[in-house]
Amino acid sequence: MVTAPPRRRLRVIGHHAWLVGLTSLAAGVILVPVAWMVSASVRPIREVLTYPPVLIPKTVSGEYMARILHDPAYQRFFANSIVLSVGALALSLTLGALAGYGFSRFRLPGGQAMLLGILSVLMLPRVTLIVPYFRLAHVVGLYDTLPGLIVANTAFLLPIATWLIKGYLDSIPQELDEAAMVDGCTRVQSLHKVVAPLAVPGLVGVAAFIFIGAWNEYLLAVVLTETPRSQTLTVGLASFFGQYVRDWNGIMALSTLASVPLVAIFVFLQRWVVQGMSAGAVK
Amino acid sequence: MRARPSCRVAVLSVVVLLAFTVAPLANAAGSPVEIKWMEWWVHEWGPDNFNNLIAGFEKANPDIKITVVDTPYPQMSGKLDAAAAGGETYDLFGVEGSWLPGLDKLGYVEDLDPWLAKNKDFADNLLPTARRKINGRTLSFCLYMIPYQFAYNVDQFAAAGLRPPTNWDEFIQVEKKLRNSGANKYGMSMPLADGGFALTRYFGFRLAQEGGQFLDASGRAVFNSPQGVAAMTWWKNFYQMGLVVPGSFGEDQARMLEYIASGQVASIIDGPFIWSKSKQIDPKIKLAYAPAWRAKTGGYLWSCSGVGMSAKSQNKDAAWKFLEYLYSPTVAVTMTKAISLPWATHAAMTSLNGSTDPMLRYIPQFANQDTAANIVLPALPDTGTLFDLFKTTFQNTVSGKVPVKQALDEAATAWQSAIAKSK
Amino acid sequence: MNGRPRRYAGSERPAASPGGALGHHYSLPLAETPGLRHAGAAADARRRRTAGSTRRLPGYVAGYLFVAPAVLYLVLTAVYPVATVVAMGLQDVTAGRWHFVGAAHYAAVLRDPIFWNAVWNTSIFTVASVVLQLTVGLGFALLLHETWFHRGVRNTMRGALILPWVFSTAAAALMWSLLYDPYGLFNYLAVGVLHWSQPIAWLGDARLALGAIIAVNTWKSYPFYMVALLGALQNILPELYDAAKVDGAGPWQRFVSVTLPQLRTVLVAISTVDLITTFGHVDLVNMLTQGGPGRATETVAFYVYRTALLDGNLTKGAATSTIMLALLVLGTQAYLRALARRGEPSW
């Protein structure tokens, strides 16, 4: 780039300016509500509710976040949310990757019906599904337990994982793994050496979706639990919504805190994507 | 090649099966009887008030243990339905009148009349309006009774040189003055996104003061009566004066409370809890009720949240004992004072006479100025649908889309058919 | 059925491009790509298979083994609930006794004009949301896939732009209800800064409310497309763009003839899932408008919510749910069929 002739260089700079400018402009609009939420988590809510709006916080206070972080019940909610999301992620991603590979690489008799059938649990509104899930959880003794929440959440996340992973694998040329197999690799080796590295960026997107889905899942968490022992952050969040009044500071502080791990994970995964690519078959 | 996947199948099956068999450790059958009480009040009342309430009972009844299942209000009805259809028993549960018909269909709700018959003191102390009846059976007791009335921000009224209105005409005058005090400035907001809200705070309040009823003695929907038309016409005229914050049709109750608590508006029509709730947003705010109003009558509309008992409970005697405690004069008076919700007992109402609380002190006046004209929103079948229908009725009427009489007739017909079907 | 391989974007067409850039999908000239291991053998593989050679194992047996754990899991955890809901819709309950009523609930629901209004609203909500999310998400993915002057700045931007997604829906809906409020930020710009005489009642005006909810839903969910497509863009081989460039294709033509076809299977998968979850969406409606003003934002899922929970009529709610399931099965099939390439299902 440095050695490029001046006209070319101007064009490159222009290209970058256009990219960055457009993205920043759009991001500016999109991040207004986010900024407003974060600011509502560190200043008294009456300052957010006043009109005309006070854009620059007059008072900044960590007390709302501190109140949550120091509350043992909320510490427990955080821990439970992590266990739930990791558990649901591990289950959905493992089963979903296997199934996605199966649906993508084999022409299975009845496969289309199965693929569509897998989605049916997503096609029913959850407000009616909670009734049988409640009963099921009681019958198998998983009511008010974290394993129960993991199992139920995975029932909704696994279909999504299967579909998305299948979509990704379909976009990876099948000739690649076949070529490897012709070269003497077993199917598992070709999966490991050729398909998996190429699938990593896609899997990261799916993993993010699953993790966030489990992290923010709410209805199942409320219905299938009743003690802080097994309740998650979303239940803690719901308790800030009262019959007559909502605790804005609590809601925004908890939501901001709850989003921190997700952003951290995303940043971490993104780095991994880059590594996965450079270590993969294509370079 | 074949071994790997099938091996995973085996491993995963084990994981799934394990997940199914990890049952919570069943607690050994201890000596105290356990009563499960599902409700949504721990945060509403404050954890301290709530814990004191439970501790007081357990101290007096060491053989009974109350297990509280605190559930967020928006999910209460869903969880109750799931429990009723899914075979889980909550011996006692907080309940709105509107949830009772559905729960009753599932055979989940105990008829409380036989229990009341056994305890005359309890029955006498309970306000007559506090019995929630469906098809002649009492399925729950109101825990607290809420009237709706005009309240105002004391400091803002003083600054503007306004006095609280003592009747409906003064109310309009006050709102006009507040509206004229600045651009984009309104005296109150009127949330109409929720049919139940419009039905109680606005239509029902004025209906009582016109001398009307929702249902007649035989349970027929009669709110399209001349009194109903007069009540609705009053609100239509009021709405069309442009005195309320724009966007009523998309505004909910919580936003209305935020308007007054953050000083955007200076007045409100709602229940006695608004002051303590507003203080959660602005600890320094001062609200007060206007003295009782009177139109054709001095009646008020009362609504409530209540407590019910599960028909499936294994420990009904212990559960009843807790109800007796909950409605006992000491508890009623203490709780009324602590959480600004008038308990549904005579003892609680009497204790408010001579109260210095700027909201609670007027409640006996609302209750007693015209007892015959007081009305209660009845427990209805298909409440969600019927309230929703009333929302459209109210919105269409005040915006002038549908004539008052026609809109009320349509709504009453729909209500009547739902009521008839449920019998 | 012998485990025939699936095609990917035009892989079995000739790799060279005699017809120029327009209307042509670029595919990977495998045998000529030096960076690809085993690539030369791929051509052999194809030749051998077309010559009729068989695999070491009948393909579908291995395929079923891959699929089995997930299917087994869903049989264990989802079949009973789904079946229960369907069965509940055929029953009614009085005083705790369940009895069969056949299609009575179905008839009541299908005759209800309010239900059909909800179907209509949901269709608009779903189509608009999916199209907007896809457009915005794809746009950002393309912008953020490019090489920026500084990788750190780009990656920060990637992180910032997923923020709407990671915040809880409840908190986001609450904040948006305030932004839309007559005393909110948007109306402050209109009334306070631009001196309009009246604030806009975004959620209180029947003409605006559905659009306002679609905007929030798009804001909330586009990052999913963005993240998923960023991953998929990584897998498009630069050689394809080079080939298109050689043919003189401009940026737009490269986008249409290389990027889109290569993203196709991923886009189909994401949008299908999105279509289904958006159709069943209820949280935003519930928190922002409760279906109003009038019935302008009432969706099918909200109708179910009201019937099952607010009315306490679980059985009629279950029947409505089953109708929604049927609508979605038909809709999904139609959608996938419409996207299928000629002579081959897309999924």
Side-chain angles (χ1 to χ4, degrees), chain A residues 44-52 87 90-91 94-95 98 101-102 127 130-148 150-151 154 186-189 191 218-219 222-224 226-230 235 237-250, chain B residues 1-5 8-9 11-12 15-16 18-24 26 36 38 40-44 67 69-76 78-79 81-88 90 96 184 253-254 257-259 261-264 270-271 273-274 276-278 280-283 285 305:
Chain A
I45 190 55
R46 58 184 175 283
E47 216 182 84
V48 180
L49 295 173
T50 38
Y51 183 88
L91 257 179
T94 320
L95 298 184
L98 287 173
Y101 184 80
V127 284
I130 55 173
V131 173
Y133 271 104
F134 183 89
R135 195 186 292 166
L136 192 63
H138 271 279
V139 169
V140 299
L142 285 179
Y143 179 70
D144 200 20
T145 67
L146 271 177
I150 293 173
V151 170
T154 304
T186 62
R187 182 172 280 281
V188 174
Q189 280 170 328
L191 180 62
Y218 169 50
L219 196 55
V222 171
V223 173
L224 298 184
E226 61 179 50
T227 58
R229 199 173 52 150
S230 58
V235 183
L237 184 68
S239 69
F240 289 129
F241 287 86
Q243 187 181 1
Y244 304 110
V245 70
R246 40 204 179 197
D247 179 353
W248 274 77
N249 286 127
Chain B
M1 176 170 151
R2 194 179 190 171
R4 276 294 278 280
R8 283 198 194 173
V9 175
V11 169
L12 287 163
V15 170
V16 174
L18 264 182
F20 271 108
T21 45
V22 179
K36 271 194 171 184
M38 178 151 75
W40 65 89
W41 291 306
V42 174
H43 289 265
E44 301 277 343
T67 303
V69 180
D70 192 57
T71 305
Y73 180 72
Q75 274 63 52
M76 264 301 287
K79 193 151 178 176
D81 281 338
E88 167 74 358
Y90 296 103
E96 299 284 25
N184 209 20
Q253 177 178 12
L257 192 92
E258 284 155 15
Y259 283 149
S262 60
Q264 238 72 272
D270 207 354
F273 46 81
I274 40 173
S276 60
K277 298 295 169 196
S278 297
Q280 293 178 16
I281 292 170
D282 181 0
I285 196 168
S305 300

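Note that this is a predicted model, so its numbers are computed, not measured. A note on names: the letters A, B, ... follow the listed sequences, proteins ahead of strands, and every chain is numbered from 1.
- Under the 3.5 Å distance criterion, with hydrogens and angles disregarded, a donor-acceptor pair is assigned to the side chains of A/Trp248 and B/Glu258.
- If you measure heavy-atom distances from A/Val127 to chain B, you find no contacts under 4.5 Å at all.
- Here the closest non-hydrogen pair linking B/Gln264 and A/Leu49 is NE2-O, 2.6 Å.
- Across B/Ala254 and A/Arg246, no two heavy atoms sit closer than the pair CB-CZ, 3.3 Å.
- Taking chain A as the reference chain and counting heavy-atom pairs below 4.5 Å, the highest number among B/Glu44, B/His43, B/Met76 is found for B/Glu44.
- Under the 3.5 Å distance criterion, the side-chain polar atoms of A/Arg135 are left unmatched by any main-chain donor or acceptor of B/Gly87.
- Contact of B/Ala261 with chain A is not made at all, since no heavy-atom distance falls under 4.5 Å.
- In terms of the side-chain contact (heavy atoms from CB on, under 4.5 Å) criterion, residue partners of A/Asn249 (sequence neighbours excluded) are, by chain and number, A/Ile45, A/Tyr64, A/Asp247.
- With a 4.5 Å cut-off on non-hydrogen atoms, A/Leu219 touches chain B through its side chain but not through its backbone.
- No part of A/Phe240 comes within reach of chain B, as not one of its non-hydrogen atoms sits under 4.5 angstrom from that chain.
- Here the closest non-hydrogen pair linking B/Lys79 and A/Val222 is NZ-O, 3.1 Å.
- Summarising the geometry, atom CG belonging to B/Asp282 is positioned 12.0 Å from atom CD belonging to A/Glu47; distances are rounded to the nearest 0.5 Å.
- In this structure, B/Gln253 and A/Gln243 have side chains that are not in contact, with every pair of non-hydrogen atoms separated by 4.5 Å or more.
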Please test A/Tyr143 against B/Glu88 for side chain to side chain donor-acceptor pair (under 3.5 Å), starting from the C-alpha separation and ending with a verdict.
-> CA-CA 10 Å; A/Tyr143 179 70; B/Glu88 167 74 358; 5.4 Å; no
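- B/Ile281 touches chain A through backbone and side chain together, each having a heavy atom under 4.5 Å away.
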Residue pair B/Met38, A/Glu226: steps toward the side chain to side chain contact (heavy atoms under 4.5 Å, CB included) verdict | CA-CA 9 Å; B/Met38 178 151 75; A/Glu226 61 179 50; over 6 Å; no
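- Closest of all the heavy-atom pairs between A/Ser239 and B/Pro72 is N-CG, 4.3 Å.
- Of the residues considered (B/Gly86, B/Pro74, B/Ala82), B/Ala82 shows the highest number of contacts with chain A, using heavy-atom pairs under 4.5 Å.
- Ring geometry for B/Phe273 versus A/Tyr244: interplanar angle under 30°, hence parallel rather than tilted (30 to 60°).
- For chain A, the nearby part of B/Ser305 is the side chain; its heavy atoms alone come within less than 4.5 Å.
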